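When a ligand or atom number is given, it counts from 1 through the structure's own listing order. None of the values given here were measured: they were computed from a predicted structure.
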Amino acid sequence: MKVFKRKNAVAKEIKALKAANKTIGLVPTMGALHEGHLSLVENGLANNDVVFISIFVNPTQFNNKSDLTKYPRTLQKDIDLLSDASNNIYVFAPSVEDVYDKNVNAIKFDFDGLENEMEGEFREGHFDGVGTIVKQLLEIVQPDNAYFGEKDFQQLQIIRKLVDKFHIPVNIVGCKIHREPSGLAMSSRNMRLSPDHMLAAPFIYKTLLSAKKKFGTKSANKVTEWVKKQFNGHKFLKLEYFKIADVKTLREVKRKSNKKKYRAFIAVYADEVRLIDNIALN
Ligand code: PAF
């Protein structure tokens with residue numbers, strides 16, 4: 001396993017790998033790696049000669065300063081975890097200066113409106129920050145395949161749009177959500193949950209499963225109202241949004257059509273930890 005701290009060094013390595021006709025996978029992360037990340041890495045290793053894992057807590061995608069400060073940073077632990085996995089792993093863990101130089105700002109993107117829904121509505125500028133870092137990573141690493149988890153389904157669709165709009169030659173692979181045995185979607189943020197909130201949080205997925213069942217016979221509106229009621233007065237969880245949306249446009253569904261695919265999306269505060277999840281409905 002090799003660890004790179006500077007993008008120039010990565011660019012040099014990529015040149016050598018390309019010259020040797022090696023296929024390259026990329027797994028972009030913000031570290032605090034868990035089994036969900038490792039499954040992306042495994043997928044990458046199964047389908048590429050080498051896999052780059054970027055570990056970088058990207059400041060421009062945080063609209064909330066305290067969220068950025070408190071985001072878990074466990075670089076040495078992450079490196080140890082990856083070094084057990086394979087020799088064909090290359091870690092890229094740059095500094096903010098290396099990535100942004102002196103201009104720690106996001107590019108303004110137009111993702112045809114995908115950026116304004118859900119996470120975009122509640123986290124202003126979030127997808128400009130994500131787009132800025134992912135575009136840069138794709139340009140440096142030039143991967144054949146890049147892997148993203150479906151837990152951030154909106155992000156995944158936006159990255160597909162980014163690649164399309166900028167004609168970036170990479171195959172974007174969406175990977176299934178990994179869950180704790182309790183059903184809670186795996187997330188680096190879970191390690192910040194108090195014991196009470198950890199016990200309460202599986203309620204999010206339980207509610208999504210019930211919503212999916214109800215969506216078979218009820219309107220999107222009715223299901224949404226039902227979900228809101230479940231969180232009313234909840235002792236440990238505060239619902240930020242629940243939306244049933246078209247998977248392509250990410251716009252909230254008004255009237256169901258059996259020609260379209262829908263997903264339910266949810267964001268919940270467990271004290272000050274913000275958790276998101278989603279589920280395919282049809
Ligand atoms: O999903 C994440 O962890 C981040 O948004 C990503 C894609 C690594 C960009 O910083």
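Residue Val57 is found in a hydrophobic cluster whose other members, listed by chain and number, are Met30, Phe62, Leu68, Tyr71; membership requires side-chain heavy atoms under 4.5 Å apart, directly or through intermediates.
In terms of protein heavy-atom proximity, atom 3 (O) of ligand 1 is closest to Met30 CG, 3.7 Å.
The N/O atoms of Gln61, backbone and side chain alike, include one that comes under 3.5 Å of an N/O atom in ligand 1.
The list of ring pair (Phe, Tyr, Trp, His ring centres under 6.0 Å) pairs with a residue in residues 78-105, not counting sequence neighbours, reads Phe52-Tyr90.
Contact atoms of ligand 1 toward Thr29: 8 (C) (distance under 4.0 Å to a heavy atom of the residue). Counting atoms of ligand 1 from 1 in the listed order, those under 4.0 Å from a heavy atom of Ile133 are 9 (C), 10 (O). Atom numbering of ligand 1 starts at 1 in the shown order; those under 4.0 Å from a heavy atom of Pro28 are 8 (C).
In summary, Arg6 and Asp98 engage in a salt bridge, as defined by a charged side-chain N under 4.0 Å from a carboxylate O. Under a 4.0 Å N-O distance rule, the pair Lys108/Glu115 does not qualify as a salt bridge.
Around atom 2 (C) of ligand 1, the closest heavy atom drawn from Lys151, His37, Gln155 belongs to Gln155.
Using a 4.0 Å cut-off between heavy atoms, Ile159 makes no contact with ligand 1 at all.
The number of heavy-atom neighbours closer than 6.0 Å to CZ of Arg73, taken from other residues, nucleotides and ligands shown, is above 12.
Looking at Asp128, its side chain does come within 3.5 Å of a backbone N or O of Phe109 through a donor-acceptor pair.
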